[in-house]
Amino acid sequence: MSSSRLAILWTSSDREVALTMAFMYARNSKTEGWWETVRLVVWGPSAEVLAMDHDLRQQIRDLRQQGVEVLACKACADLFDVADRLTSLGVTVLPMGPELTTMLKEDWKVLTV
C-alpha cells in the first residue's frame, strides 16, 4: 500500500450516513489495522449535526479512544456556532482548507461521505 494514511471527510447532515458509513469505516479501519493513521474530518453541516446529537458525540468519543484523529473545519464550526462544543469532545477545530491541501499533497487517501 503506497499510503497508510486515510482521511474520511464527513460532509453530510444525514446522521445515518455518519453511523453506517463514516464512523463504521473509520472504526474498522483503525481497529482492524487497514490504515495506520485514520482521520475523520467534520466539515460543513456535519459540524452542527455532531454538536447537537448525543449519540453521535458518544461515537466520536469512542472513535478517539480507538485512535481515530477527529478534526473539524473552523469556518464551519463558527458558522454553526458549535466550535466550543466540538472542542469539548476533543475534536481539533482548525482551518481545514490548508490542512486538506497538505493531506492531498502528502498522498493521503481521501474518502468523502
Side-chain angles (χ1 to χ4, degrees):
M1 187 178 312
S2 63
S3 174
S4 62
R5 299 174 297 182
L6 173 68
I8 300 171
L9 301 182
W10 172 34
T11 62
S12 171
S13 63
D14 184 336
R15 79 182 298 274
E16 297 307 314
V17 168
L19 292 170
T20 63
M21 196 293 155
F23 293 9
M24 184 185 298
Y25 189 68
R27 177 181 298 104
N28 290 335
S29 291
K30 194 61 181 171
T31 61
E32 298 297 322
W34 300 336
W35 300 92
E36 184 176 324
T37 303
V38 178
R39 283 185 177 170
L40 177 67
V41 178
V42 180
W43 200 321
S46 60
E48 183 177 39
V49 172
L50 175 58
M52 302 306 169
D53 188 305
H54 174 76
D55 293 335
L56 294 181
R57 290 193 310 268
Q58 186 57 51
Q59 292 278 330
I60 289 295
R61 288 182 189 100
D62 294 344
L63 286 170
R64 289 188 61 251
Q65 288 178 348
Q66 293 166 354
V68 175
E69 299 173 24
V70 184
L71 310 176
C73 169
K74 179 172 177 13
C76 301
D78 289 346
L79 175 68
F80 295 109
D81 195 28
V82 296
D84 290 341
R85 287 183 184 207
L86 297 178
T87 301
S88 73
L89 291 171
V91 174
T92 303
V93 178
L94 69 156
M96 282 309 303
E99 186 67 22
L100 178 60
T101 300
T102 298
M103 287 187 284
L104 292 170
K105 288 181 177 183
E106 292 178 351
D107 198 33
W108 283 65
K109 302 303 180 192
V110 178
L111 176 64
T112 303
V113 297

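As a basis for the values below, the full set of heavy atoms in this structure was taken, side chains included, without hydrogen atoms, waters or symmetry mates. Predicted, not measured: the structure shown is a model, and the values here were computed from it.
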Query raised in the report: Among the clusters formed by ILVMFWY side chains lying less than 4.5 Å apart, do Ile60 and Met24 turn up in the same one?
Result: no
Query raised in the report: Closest heavy-atom contact between Ser13 and Val49?
Result: O-CG2, 3.3 Å
Query raised in the report: Is the number of heavy atoms from other residues, nucleotides or ligands under 6.0 Å of Asp84 CG greater than 12?
Result: no
Query raised in the report: Does the Arg57 side chain pair with the main chain of Ala51, one donor and one acceptor, at a distance under 3.5 Å?
Result: yes
Report summary line: Here the pair of heavy atoms bringing Ala47 nearest to Val82 is O-CG2, 3.8 Å
Query raised in the report: Okay, side chain of Lys30, backbone of Tyr25: is any donor-acceptor separation there less than 3.5 Å?
Result: no
Requested in this report: Would you check if the side chain of Arg5 reaches a backbone N or O of Glu106 as a donor-acceptor pair within less than 3.5 Å?
Outcome: yes
**Report entry** Separation of Lys109 NZ from Thr37 OG1 (nearest 0.5 Å)
**Finding:** 14.0 Å
Report task. Apply side chain to side chain contact (heavy atoms under 4.5 Å, CB included) to the pair Ile8 and Val68, showing each step before the final yes or no. Result -> CA-CA 10 Å; Ile8 300 171; Val68 175; over 6 Å; no
Query raised in the report: Looking only at atom types and distance, does a side-chain atom of Ser46 sit under 3.5 Å from a main-chain N or O of Trp10, one as donor and one as acceptor?
Result: yes
Query - Common cluster, Leu89/Met52, ILVMFWY with side-chain heavy-atom separation under 4.5 Å - result: yes
Report task. Would you indicate whether the side-chain heavy atoms of Arg27 and Leu63 approach each other to under 4.5 Å? Result -> yes
Query - Qualifying residue, where the test is side chain to side chain donor-acceptor pair (under 3.5 Å) with Asp62 and the options are Arg64, Gln66, Gln59, Gln58 - result: Gln58
**Report entry** Heavy-atom pair with the smallest gap, counting every atom of Val93 and Ala83
**Finding:** CG2-O, 4.1 Å
Report task. Could you work out the complete set of other residues in the hydrophobic cluster of Leu100, with links drawn between I, L, V, M, F, W and Y side chains under 4.5 Å apart? Result -> Leu9, Val41, Trp43, Leu71, Leu94, Met96, Met103, Leu104, Trp108, Val110
Query raised in the report: Between CG of Leu19 and CG of Asp53, what distance do you get to the nearest 0.5 Å?
Result: 7.5 Å
Report summary line: Closest heavy-atom pair, Leu86 versus Ala72, reported as atoms and distance to 0.1 Å, is CD1-CB, 3.9 Å
